[in-house]
Each structure stands twice: as structure tokens, then as C-alpha cells.
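All values below come from the heavy atoms of this structure, side chains included, with hydrogens, waters and symmetry mates left out. Throughout, residue positions are numbered sequentially from 1 according to the sequence presented. All values derive from a computational prediction rather than experimental measurement.
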Amino acid sequence: MEIPTEDRSTMLPIEPDSNTVEDESRYDLDSDTESLDSLTSSVLAYEYKNGRRYATYGSNQYVLPNDDLESDRNNLLQHIYGLLFEGRLVFSPIKNPRRILDIGTGTGTWAVDVAMLYPNSRVTGTDISAIQPSWVPSNLTFEIDDAELDWNFSHLFDLIHLQNLNAVIQDWPRLFRQAYDNLKPGGYFEVKEADGTAISDDNSIPEDCKLRIWERECMKACNMIGQSPTAPENVKRWMEEAGFVDVEERIFRLPMNTWPKDPALKEAGRFQCLQYLEAVSPYALGLLVEVLGWTREEMEVFLVGVRDNIKDRSIHAYFNIRVVTGRRP
């Protein structure tokens, strides 16, 4: 399932399941068989709008909520990555890292798993929201920090990791330079990001469908607030420009729903469909309503069509998930 970028022109298309295009079954997804320390009041302050809870800490305009619903969705994303990567947590060719940093750790799922994978390491997870669990491995700590501010760590790391920060970071090159400066010589930087636009091998995504309109409107809103939704395709270049060597990009294909014939891809698509259906509302509230000025009613009516497209198994769409690693010389 690991596809190098340079082989994209020769890779085989994903074969759709032949019995997923009938009108009665195309939408039927079930038919196929250490605690936080020294927290100030500003860090723990939240605001509530549109029925969701949002963090107020941080320099950036982060459009997604930080409530339990969003935490559940983030945990589901980590499960999807586990399926897609066949359980592999770290792609960097590094042995016995002593210090690991997870930027934008979210609910801390990856950090917890890595702390258990490397019990002799010290793992630090940072995020702008205090939504991580209290009971974690003894070699793991969480800190509230904004990755877009100056990094002030007292030691260097063997591995710095981040994932799912597309349309969150404003200055990616600066973040990459800070990662370089905070790595030991020989240390690795690892980035996992999903492209924001779905693609298909058989042109089965109509350009006038609600899914495509959704993608274009989200891109317009992100550009208005200085967040590039096309960051993943530039990660490899930015990493090289920051001074990293041995930079390698791996591309995995994540189906939008259960349309593929391949059982492993079908299973990953099943969970991705659920995740995507859960994601459209918080993204729409943050981008269409708050940035573009849509009304809630306009948003809800529009999302009906978007969700129909997401579940439509006659649309053979998938997303490129990019895993990029680089070494500080």
C-alpha cells in the first residue's frame, strides 16, 4: 500500500467493488460485511459558539472545536492511520530515540502509543488545548504550547513528529526551521498530512457535485485567514529547504468510503467515511459560517448534498496521505 511519489504515473488504479453502484446500495455503508502542569486560566479558557466548545489560547485562528465530539473524531483518525499504515507508528529510520516531541498532539493518542513503543524514551506532546488524558505512561508529559510561537525547549530531540495540521499552520517554513533547530544532529523530522482535495482514477467525481463545491469553498475560506489547505503537497520541498537531508515521501491512498474491492482499503474507507461525515459540520461552522458569513440554515442545507456525495459509492474518490521524513545532518 506504500506508494512513492515518483511512481504515481505507473501505479495501478484502485479497483472498485462491482456491487457498490446500484441505487439501493450505494449509500448503505453497513452492507459490507503525566497530567498537565502549570496551567494558567488563559490556557484553560474556552468559548462556546454554534453549540461547540473552542480554545481561546494560541496565536492562530484555529477554526475547529476542542470538545468531546472533536476529540472522538481525532481518535478515529488515529485508528484510520493505524489501518492504513498497518500499525506502523514511526517511519523514520531511527533506533532507540531518547527524546521525542509530538507537535499538535491533540488527544495524545500517537504520543501515548509511541511512549509505550519506546519505554526508555522521554516523550513530550504539545497542543493549544488541554484535552489530553491524565493517566498516561510515566515517560510521557503534555504541555500547552503554540507551535507557531518561538520554541523554548531546554533540550534537543531525536525525533519530532506532527500530523493532521493541514489548514492549521500559517507559516509552515518557519515551523520546519524550528523543528530543524530543535533536533540533534542525526535526528529525524516526520510529518503525516492528508491532501484536502479528493481525487479519482476514473474521473468519477463530477466537477459540479457538492463535494467539489465544498472543497473550493473551504479552500477559499482557508486562504482568507492565511492557512494554506494545499500544504501537504509542499511538505517535502519545505523540509529540504529547511536543511533536512535524506528526505523521503511516501504516499498512501485513503478511500472516501467503502467503494474499493480490496478488503483492507474497504475497511479503511468505512472508517474514513464515518470520520469525514463527522468532520464536515465543525469545518463548515469554522470556515463557511465564521469566515465566509454563511447562515446556519444555508450551511445545513448545503451539507445534505455534501454528505450524500461522501456516502456515494459510485464516486471512487480517495485522499493522498503523505508521510514525509527527513534527517538533520
Side-chain angles (χ1 to χ4, degrees), residues 1-6 8 60 62 64 74 77-78 80-82 84-94 97 99-111 113-114 117-118 121 123-128 145-149 151 153 156-184 186-197 222 227-254 319-329:
M1 202 181 299
E2 188 175 308
I3 309 293
T5 305
E6 55 271 18
R8 264 202 61 80
N60 197 8
Y62 185 62
L64 294 176
N74 285 328
L77 268 172
Q78 185 61 37
I80 291 169
Y81 279 11
L84 203 61
F85 303 153
E86 297 181 334
R88 189 171 181 178
L89 291 170
V90 177
F91 287 82
S92 300
I94 189 168
R99 291 191 179 273
I100 300 172
L101 174 63
D102 186 28
I103 296 295
T105 192
T107 58
T109 305
W110 184 89
D113 290 343
V114 165
L117 179 64
Y118 299 110
S121 69
V123 181
T124 302
T126 66
D127 201 274
I128 62 170
D145 198 8
D146 183 348
E148 298 240 63
L149 301 179
W151 295 12
F153 298 104
L156 299 177
F157 296 93
D158 300 291
L159 173 66
I160 297 178
H161 170 270
L162 66 84
Q163 67 182 30
N164 298 331
L165 297 186
N166 189 24
V168 173
I169 301 297
Q170 291 184 316
D171 193 342
W172 284 89
R174 180 176 185 268
L175 184 145
F176 280 32
R177 291 192 299 270
Q178 293 211 86
Y180 184 96
D181 292 340
N182 282 270
L183 277 168
K184 297 177 183 177
Y188 276 84
F189 186 32
E190 180 164 325
V191 178
K192 303 183 180 83
E193 290 295 335
D195 287 3
T197 301
C222 285
Q227 297 173 349
S228 173
T230 59
E233 62 194 62
N234 297 303
V235 166
K236 184 175 185 291
R237 174 174 60 85
W238 287 333
M239 198 175 286
E240 292 169 339
E241 291 175 351
F244 290 95
V245 297
D246 299 333
V247 177
E248 184 177 358
E249 181 181 62
R250 301 168 174 87
I251 296 180
F252 298 82
R253 295 180 292 179
L254 177 59
F319 299 89
N320 281 332
I321 310 298
R322 302 173 188 265
V323 179
V324 188
T325 59
R327 177 176 62 85
R328 175 176 177 172

Between CG of L77 and CG of L84, what distance do you get to the nearest 0.5 Å?
11.5 Å
Distance check, rounded to the nearest 0.5 Å: I103 atom CD1 versus L175 atom CG?
7.0 Å
Is the shortest heavy-atom distance from the side chain of [X] to the side chain of [Y] under 4.5 Å?
X	Y	result
T325	R250	yes
P97	F157	no
F85	K192	yes
V191	F176	yes
Q163	E190	no
L101	W151	yes
V123	Y118	no
W110	V90	yes

So the salt bridge (charged side-chain N to carboxylate O under 4.0 Å, His left out) pairs with at least one residue in residues 161-177 (sequence neighbours excluded) are D150-R174
Going by side chain to side chain donor-acceptor pair (under 3.5 Å), name the residues that satisfy it together with [X], two or more places apart in sequence or in a different chain.
X	result
N164	Y81
D195	R322
E241	R237

Answer yes or no: is there a donor N or O on one side and an acceptor on the other, between the side chain of E249 and the main chain of K236, under 3.5 Å?
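Flag not set: sc E249 to bb K236 has no pair under 3.5 Å.
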Hey, can you tell me if W172 and W238 have their rings parallel, tilted or perpendicular (30° and 60° cut-offs)?
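Geometry flag for W238 against W172: parallel rings.
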For Y180 together with F189, are the ring centres under 6.0 Å from each other?
no
List the steps and the verdict of side-chain contact (heavy atoms from CB on, under 4.5 Å) for N182 and I160.
CA-CA 8 Å; N182 282 270; I160 297 178; 4.1 Å; yes
Could you list the residues that satisfy side chain to side chain contact (heavy atoms under 4.5 Å, CB included) with N166, not counting sequence neighbours?
E193, A231, P232
Using side chain to side chain contact (heavy atoms under 4.5 Å, CB included) as the criterion, list what pairs up with T109, not counting sequence neighbours.
N75, Q78, T107, D113
